[in-house]
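Structure first, then comments.
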2 protein chains.
Amino acid sequence: MLKAERHKFIMTKLLEEQKVVTTDLALALDLSEDTIRRDLNELDDKKLLEKVYGGAIQFIEKSVDVFNINISAEEEKKKIVKKALSLLHDGQVIIMSGGSTNLVFAKLIPSDLKATIYTYSLPIAMQLSQHPNIDLIFIGGKMQKKAMVTIGMDVMQVLSKIKADICFLGASSISIKQGLTEIGYEVSIVKKAMIESSDRVVSMFSSNKLNTKMPHSVCDLSQLDTIVTELDPEDLSLEEYRKAGVFVL
Amino acid sequence: MLKAERHKFIMTKLLEEQKVVTTDLALALDLSEDTIRRDLNELDDKKLLEKVYGGAIQFIEKSVDVFNINISAEEEKKKIVKKALSLLHDGQVIIMSGGSTNLVFAKLIPSDLKATIYTYSLPIAMQLSQHPNIDLIFIGGKMQKKAMVTIGMDVMQVLSKIKADICFLGASSISIKQGLTEIGYEVSIVKKAMIESSDRVVSMFSSNKLNTKMPHSVCDLSQLDTIVTELDPEDLSLEEYRKAGVFVL
DNA sequence: TTTAAAATTGCGTTATTTTGCATTATTTTA
DNA sequence: TAAAATAATGCAAAATAACGCAATTTTAAA
């Protein structure tokens, strides 16, 4: 058995059982404990696991690297955004706002899609800069550093001049009465402009955003063409939205 | 048996069994282990498999984490940029171009500095978005995805309208005769504009950039106010630059 | 077709990696 | 605090790999 195989075996077992025990592995693989320890040390060095007394446990990342954007519930978000991939077509002009759901979406855009994407979000732009066939345009302006998006006059001006086929709009909060709402005034203004510049507006978010509201209005439901959540479109909690004329994907 | 056939055989076996062992292959194909090793090395070079001690395993594409920017020789670069920190003062308006040396610089900007920074580089902006007291303005435009910077008319227009106290300009190549030069035409144009918009121009780079040149001119030495390398300012290889009137830090 | 250059292959030699064991240190447990 | 379990270290044997070289085959050019 090759060492590389062993490492794979160890990692698989670790994933299945959340931990591995040195003596068990030695027995299972018919090797000395020394060898297992050396393996665990190597994997630890590579930050693939964390060696502890008696074995190893799963690695938990704890770096505070700016560039290391932590997406909570990434798997659920993947489920959501995959539904929206069908809305993408070659030749489209697309506007993307920020937010972690949109970031997951950006990751999953097929590498053969040829389109033009405007964005004002640094992480989204970073992600899309890896895409081989996207024409990427960053909407410059003053940075709202916390959200890592641009805001202000310059942004508005660029948006006023473009016409996109579709806009993927991140959502902080959505409710039947208030529609889309935002916590920050400036971002709400910019999102308004994004909607104005797009033929079609799609918003993707987890169902826990449903029926919540924030201080600043972005638009009401009638201005949204499509919403996407992890729920089945027929789900009861979405019924009111469907009745309001929003297409639920 | 042709080499190409052998390679196909190896790849097929690898696909079937998830691994191949050098000695087994040598036996099966009736060839020396040396030849098999050479085959495996070639296939490894082509990224068709991953050679390991004793054989080879399937190639797993390491998910290129966009957000994980690898800075080569980071320690050396830290040494360089620390010298330039003394050029920073509260209230300055600063332009920063891209490049890994500038990125290291951005990381080390003291957290109590109050200044306004314009940049056209995504990684630099990501880094500076963590800074509590910097007013950050991103210069938008079409993305040059490889360098993760914006280029084109929009960038030029923004630059034409601002006046900065100091510009930190990354350098691809520098020589006595040609001055600063760039590999890409568009970036060279933008850098020209950055220089125009700044009272003072500082360039930081490793000494291995000295006396090299690229196709597109940015400026000649007379337009640079200060250069910073890891070398002692009195170093002989910098003498010509000092004579040309550049301040060497 | 002939000839020179380039690529391929195996062998001997040397270098590197892997592994288990003995020994010594460290951590855990009772 | 002592005993037991686990780890680290140095070492040597075995396996594997790399290197230089020469013989052979293939390819390309004349």
Under 4.0 Å between a side-chain nitrogen and a carboxylate oxygen: does that hold for [X] and [Y]?
| X | Y | result |
| --- | --- | --- |
| B:Lys142 | B:Asp154 | no |
| A:Glu42 | A:Lys3 | yes |
| B:Lys107 | B:Glu74 | yes |
| B:Asp39 | B:Arg6 | yes |

Quiz item: Can you tell me if the side-chain N/O atoms of B:Lys3 get under 4.0 Å from OP1 or OP2 in C:dT8?
Solution: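 For C:dT8, OP1/OP2 do have a side-chain N/O of B:Lys3 under 4.0 Å.
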Quiz item: Does a nitrogen or oxygen in the side chain of A:Thr35 sit under 4.0 Å from OP1 or OP2 of C:dT19?
Solution: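 So the side chain of A:Thr35 is outside the cut-off, no N or O lying under 4.0 Å from OP1 or OP2 of C:dT19.
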Quiz item: Going 5' to 3' on DNA chain D, which nucleotide is the first and which the last to come under 4.0 Å of a heavy atom in chain A?
Solution: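 Range of nucleotides within reach of chain A: D:dA5 to D:dT9.
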Self-check item: Beyond-backbone contact of B:Leu113 with B:Asn133, side-chain heavy atoms, under 4.5 angstrom
Solution: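 Counting from C-beta outward, B:Leu113 and B:Asn133 never come under 4.5 Å.
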Output one line per pair: protein atom, nucleotide atom from nucleotides 26-30 of chain C, and distance, for all N/O pairs under 3.5 Å.
unit_1, atom_1, unit_2, atom_2, d
C:dT27, O2, A:Tyr53, OH, 3.0

Self-check item: Donor-acceptor pair, side chain of B:Asn211 and main chain of B:Ser175, under 3.5 angstrom
Solution: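 Answer holds: no.
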Practice problem: For the pair B:His131 (side chain) and B:Pro110 (backbone), establish whether a donor and an acceptor sit closer than 3.5 Å, ignoring hydrogens and angles. | Solution: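 Present.
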Quiz item: How about B:Phe138 and B:Tyr120: are their ring centres within less than 6.0 Å of each other?
Solution: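 Centroid separation for B:Phe138 and B:Tyr120: 6.0 Å or greater.
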Practice problem: Pull out every residue in residues 9-33 of chain A that has a heavy atom closer than 4.0 Å to any atom of DNA chain C, ordered by number, or say none. | Solution: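 Per residue number, the list reads A:Leu31, A:Ser32.
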Exercise. Begin with the C-alpha distance, continue with both residues' side-chain angles, and end with the deciding distance and a verdict on side-chain hydrogen bond (donor to acceptor under 3.5 Å, both in side chains) for A:Gln144 and A:Thr150.
Key: CA-CA 6 Å; A:Gln144 213 277 294; A:Thr150 48; over 6 Å; no
Quiz item: B:Glu76 and B:Lys79: salt bridge (Lys or Arg N to Asp or Glu O under 4.0 Å), yes or no, with the steps?
Solution: CA-CA 5 Å; B:Glu76 187 185 76; B:Lys79 232 178 84 181; over 6 Å; no
Practice problem: Describe, as an angle rounded to 10 degrees, how the axis at the first end of the helix from C:dT1-D:dA30 to C:dA30-D:dT1 is tilted relative to the axis at the last end, five pairs per end. | Solution: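 About 50° separates the two local helix axes.
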Quiz item: Which parts of residues 36-44 of chain B get close to DNA chain D, meaning a heavy atom less than 4.0 angstrom away?
Solution: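 Correct list: B:Arg37, B:Asn41.
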Per-pair distances, 0.1 Å, donor-acceptor, side chain in residues 11-27 of chain A, under 3.5 Å, sequence neighbours excluded:
unit_1, atom_1, unit_2, atom_2, d
A:Thr12, OG1, A:Lys8, O, 2.8
A:Thr22, OG1, A:Gly54, O, 3.1

Practice problem: Can you establish whether the number of heavy atoms outside A:Leu108 located under 6.0 Å from its atom CG is more than 12? | Solution: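 Yes, because the 6.0 Å sphere around CG of A:Leu108 holds more than 12 heavy atoms from other groups.
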Self-check item: Test item: side-chain donor near acceptor, A:Asn208 and A:Ser206, under 3.5 Å
Solution: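 Looking only at side-chain atoms, A:Ser206 and A:Asn208 do not form any donor-acceptor pair under 3.5 Å.
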Practice problem: Quick one: sort the B:Tyr185 and B:His216 rings into parallel, tilted or perpendicular, breaks at 30° and 60°. | Solution: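 Judged by the thresholds at 30° and 60°, the geometry between B:Tyr185 and B:His216 is perpendicular.
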